[in-house]
Amino acid sequence: MPLEPRTGLPDDPAGVLVGRREELALLQAAVAASPSLALVEGEAGIGKSRLVRELLAAPGVAGRRTLVGQCEQLQEPLPLSPLLDAFRQVGGALVGADAPNPVLGALAPLVPEISAWLPPPPPALADQGAERYRVFRAAAALLDGLGPLVLVLEDVHWADPVTFDFLAFLAAHLPPRLTVVLTARTENGRLPIREALARAPSGAARIVALGPLNRTEVGQLAGRILHADLSAGVTDRLHERTGGIPLMVEEVLRTLMDGSASGGIPARPEALDDLAVPAVLREVVGQRLLILDDDARQVLNAAAVLGPVADDRLLAEVTERGPGEIARSLTSAQALGLLHEQGGHTCFRHALARQAVYESVPAAERRWLHLRAARALESGAGTPTEAKLAHHYRLAGRDQEFVRHAEAAAEAALVHGNDATAARFLLQALGARDVPRADRVRLALKLGRAAIDGLAHAEALPIVAGLLATERLPAAARGELRFAHGRLLRQSGDARAGHLEIENALGDLTDEPAVLGRALAVLAAPETVTDRHMREHAARCDEAVAAARRSGDRGVDLAVRITRAGLVLEQGRPESWSLIDGLLSGSDLRTSSRERARACLNWAQAALHVGRLDRAEALLAEGRRVSEQADYLRLAEVVDLVAAAVDHAAGRWDGLIGRVRRMGGNDATFGAASLDARLLHGSLLAAIGPAEEAATCFSEVVAVAERVGAVWPLIAARTALARLQLTADDLEGAAAHARAAVADIRTKGNWVWGAAPVVCLVEAVNARGPDGEAAALVDEFETGLDGTDAPRARAALLTARGVIARADDRADEAEALLGSARRVLMDEGLH
């Protein structure tokens, strides 16, 4: 938030920019190379907003249209509020424009200030995700029409989830004449959209990271503000006390000048020690608070409790003071630079000022003010939300009221698809004191359900595990929470532990057929865990069908039917396609967007496993379409991974290795997806080199997959290592890796997955002549493929027979078999 000048400081520090030449050049380059994205990062007070103001005034930028939106620190931010605030500045810019895109009408109800220039709103959509998607399209279209444009969104670390979703959408659909500049704090870690910004089609966002000023720059900033040179000793001490943060330097100088009788600069560095640092800003604010009279200080304390914006009506209710007293108190605080005017409201000048004031309030008074705030909101003095009420009751120490409102806030978040926020409220509620056991059980179950579809699996895992370890739960509740824990383990990449945990939950779910059916459906999926035979997966599927029927729950029945279709598809059974087509055309899956998206992506992967590239492409397209329309960000990484796998199978390799490198890094949401991405990266390296790096990739995948019990990456990685060894004429090494992969196939009992390892092992053992092991393996392979529809495996069987015929000097037969294999692959478009 910009700093405002105040009496006692010789110059406005906002007019001084010290250092930052390289950072400014990066931003100017971003504007010159639109479409482009830039993210200015740094801790509070580091000068992010100041740098952006310098950018907007720079030559080559000042003439462009600029829109600026500001995110506010609210317990429950309004969806898209910074973007809508920016759009309110458009006004007459739309006058005389060509016939507007009809989709722009979706913005009219949200930005009435410009509705006169927009088309009429389109009819409302029943699906909330589709409605949101239309608003996103409208916002992108408006930004496109206003170009060349620089859109600045400040303090996006406070943005609401919908704004984050829009920014991810915008990064993927960036208008050609648009530059987006975001500012964000880094104290709370990376933004949830960093990965989306890194993968933007127009190029990765330019990250402009602002660090503290060095000693020389601190001296320059202080000297320019004070129109005087500081001694080296004073400069060193000022840098030491402020940490080089520009805001801290300014606040120290404000206090220094206000407290100096002569208004001069101290000659001795020790004089700065009198400022009660290292918590410079807290001390500065504390000194200003001492200037306020008791009434003004109490009003300011209440304002700090209520939030960043001083709501006169709510302040009057909480402090029991009249409008005149409130106005006088706020004016006194504003004169001291603690508050300022922004957008017609009185606000804290920056979040640090509010925090410093808040922490200066005695604990007992803070609790009382929070209780007053909650009561005032409930009486209608402000705009009450369950989230605000939960916040105030929690800090008031009123656990009973807090738990009630936190649970309601979580329910509201779930309705809007914000699973992560719901989980946070539920976690806080579970941490409250003296929560009745029945309430803890209910909250724990809700937390388990919310955590499944949230993006923060790493955070949810220890929470759910801790509840299981510490809470004495009834059997049904324990079973459901174990089921959730198992799913989280699987999603984090720990396939075996997740499978075992879900198995352990079954005994507790006997009297809960709906949850039991879903748990059994997860256990029926064959493509994750290594040491369960296909017969066991089939048996679990039959049990799931019975549980679903007993529950009478259509949602459970749908989940089980989706799993059954995937199970028979992974086995290469011809009836799988009629099951899938029936589900896709049926009403249940058509009206369940999330289930449809998940099902299509899972089936697309299975189709690749059995060599049906045509079906994989169609299923991927449908899964992508539905997940985008349903605003299902949880699947974004899976969509990218499946798309890369399909492109790899189809031979569309241009730019693919760059896409794959960006997958599966530290920001990967799903550990299992990270492992698959690493496998795909190795497969590309095996084809284009270097082979050593490919071997490293495969070895890492094998090591992790063995540890966590993940079957599909394990078989594929073992086979890939065998193929590399075979290429290097290491026949023994190739045979060893291929035998291990074939052993995994036998353990699993699904020979449809055996195409590549069987061929590789046959080639390795027949390289020096006919081999009985190869002939027996091919017979076993053929028996295992009986009654299946799996083109890749069928081609592999023909290839293996051809290799054996060639080793037996039956050249004509070998050529015919190998030619037939090639035709099968060509007919399926496989490479």
Applying side-chain hydrogen bond (donor to acceptor under 3.5 Å, both in side chains), run through Arg573 and Thr788 and close with a yes or a no.
-> CA-CA 5 Å; Arg573 288 162 54 181; Thr788 64; over 6 Å; no

Name all pairs fulfilling the side-chain hydrogen bond (donor to acceptor under 3.5 Å, both in side chains) condition that reach into residues 740-749, sequence neighbours left out, sorted by first residue then second.
-> His537-Lys748, Arg718-Asp744, Arg746-Glu780

For side-chain contact (heavy atoms from CB on, under 4.5 Å), just list the numbers for Arg490 and Ile502, CA-CA rounded to whole Å, side-chain angles, deciding distance to a tenth of an Å, and then say yes or no.
-> CA-CA 10 Å; Arg490 282 164 47 96; Ile502 297 173; 3.8 Å; yes

Residues Asp654, Arg659: salt bridge by 4.0 Å N-O rule | no

Determine, for Glu503 against Arg532, whether the closest basic-nitrogen to carboxylate-oxygen distance falls under 4.0 angstrom.
-> yes

Taking C-beta and beyond as the side chain, do Val646 and Arg652 meet within less than 4.5 Å on heavy atoms?
-> yes

For the residue pair Arg624 and Leu601, establish whether any side-chain heavy-atom pair is separated by less than 4.5 Å.
-> no

Determine, stepwise, if the pair Arg806 / Glu813 fulfils salt bridge (charged side-chain N to carboxylate O under 4.0 Å, His left out).
-> CA-CA 8 Å; Arg806 188 167 54 197; Glu813 182 182 350; over 6 Å; no

Single hit among Val208, Leu197, Leu37, Val40 for side chain to side chain contact (heavy atoms under 4.5 Å, CB included) with Leu182 = Leu197

So, His681 side chain and Ala677 main chain: donor-acceptor pair closer than 3.5 Å or not?
-> no

Any salt bridge between Asp676 and Arg678, counting N to O under 4.0 Å?
-> no

Test item: Phe781 and Leu797 side chains (from C-beta on) under 4.5 Å apart, heavy atoms | yes

Flag, side chain of Asp730 to backbone of Leu726, donor-acceptor distance under 3.5 Å | no

Closest heavy-atom pair and its distance - Ala735, Leu761 | O-CD1, 3.7 Å

Tell me, with the steps shown, if Arg810 and Glu815 meet salt bridge (charged side-chain N to carboxylate O under 4.0 Å, His left out).
-> CA-CA 9 Å; Arg810 293 178 277 128; Glu815 185 58 34; over 6 Å; no

Over all heavy atoms of both residues, which pair between Met534 and Gln571 is shortest? Give the atoms and the distance, please.
-> CE-CG, 3.2 Å

Report the residues that fulfil side chain to side chain contact (heavy atoms under 4.5 Å, CB included) with Ser820, sequence neighbours left out, ordered by chain and then residue number.
-> Leu798, Arg823

Shortest non-hydrogen contact from Ala544 toward Ala521 | CB-N, 3.8 Å

Does a side-chain heavy-atom distance below 4.5 Å link Phe698 with His737?
-> no

Val711 and Val529: CA distance, side-chain angles, deciding distance, side-chain contact (heavy atoms from CB on, under 4.5 Å) verdict | CA-CA 5 Å; Val711 63; Val529 69; 6.0 Å; no

Residue pair Leu777 / Val742, side-chain heavy-atom distance below 4.5 Å = yes

Identify whether the distance between the nearest side-chain nitrogen and carboxylate oxygen of Glu782 and Arg801 falls below 4.0 Å.
-> yes

Side-chain ion pair, Arg496 and Glu501, N-O less than 4.0 Å | no

Heavy-atom closest contact (Leu679 atom, Pro713 atom, distance) | CD2-CA, 4.1 Å

Side-chain touch Leu584/Leu619, heavy atoms, less than 4.5 angstrom | yes

With side-chain contact (heavy atoms from CB on, under 4.5 Å) as the test, would you mind laying out the steps for Asn766 and Glu773 before giving the verdict?
-> CA-CA 9 Å; Asn766 275 276; Glu773 177 188 3; over 6 Å; no

List, one per line, each side-chain donor-acceptor pair under 3.5 Å for residues 560-570, sequence neighbours excluded.
| from | atom 1 | to | atom 2 | distance (Å) |
| --- | --- | --- | --- | --- |
| Arg561 | NE | Asp557 | OD2 | 3.0 |
| Arg561 | NH2 | Asp588 | OD2 | 3.1 |
| Thr563 | OG1 | Ala559 | O | 3.1 |
| Arg564 | NH2 | Asp542 | OD1 | 2.9 |
| Glu570 | OE1 | His609 | ND1 | 3.0 |
| Glu570 | OE1 | Trp753 | NE1 | 3.0 |
| Glu570 | OE2 | His609 | ND1 | 3.1 |

How many angstroms lie between atom CG of Leu488 and atom CZ of Phe483, to the nearest 0.5 angstrom?
-> 10.5 Å

Give a yes or no on whether the backbone of Gly572 and the side-chain of Ser576 come within a donor-acceptor separation of less than 3.5 Å.
-> no

Return the minimal non-hydrogen interatomic distance between Val803 and Val762, and the atom names on each side.
-> CG1-CG1, 3.7 Å

Is the Phe166 ring parallel, tilted or perpendicular to the Phe136 ring (thresholds 30°, 60°)?
-> perpendicular

Check whether any side-chain heavy atom of Leu583 sits under 4.5 Å from a side-chain heavy atom of Leu558, and report yes or no.
-> yes

Salt bridge Asp494-Arg707, side-chain N to carboxylate O under 4.0 Å | no

Here the gap from Trp751 atom CH2 to Thr783 atom OG1, rounded to the nearest 0.5 Å, amounts to 9.5 Å

Would you sort out whether Leu613 and Leu608 count as a side-chain contact (heavy atoms from CB on, under 4.5 Å), showing the intermediate values?
-> CA-CA 6 Å; Leu613 180 59; Leu608 286 179; 3.9 Å; yes

Would you say the side chains of Ser36 and Arg206 form a donor-acceptor pair under 3.5 Å?
-> no

Going from CZ on Arg792 to CG on Leu825, what distance comes out if it is rounded to the nearest 0.5 angstrom?
-> 7.0 Å

Ile657 and Arg661, any side-chain heavy atoms less than 4.5 Å apart = yes

What are the two closest non-hydrogen atoms of Glu622 and Cys600, and how far apart are they?
-> CG-SG, 3.6 Å

Check for a donor-acceptor pair, side chain of Ser592 on one end and backbone N or O of Leu589 on the other, with a separation under 3.5 Å.
-> no

Find the distance between OG (Ser683) and CD1 (Ile688) and round it off to the nearest 0.5 Å.
-> 11.0 Å

Gln629 side, atom CD; Arg596 side, atom CZ - distance, nearest 0.5 Å = 10.5 Å

Inter-residue atom distance Arg615.CZ - Leu620.CG, 0.5 Å rounding | 13.5 Å

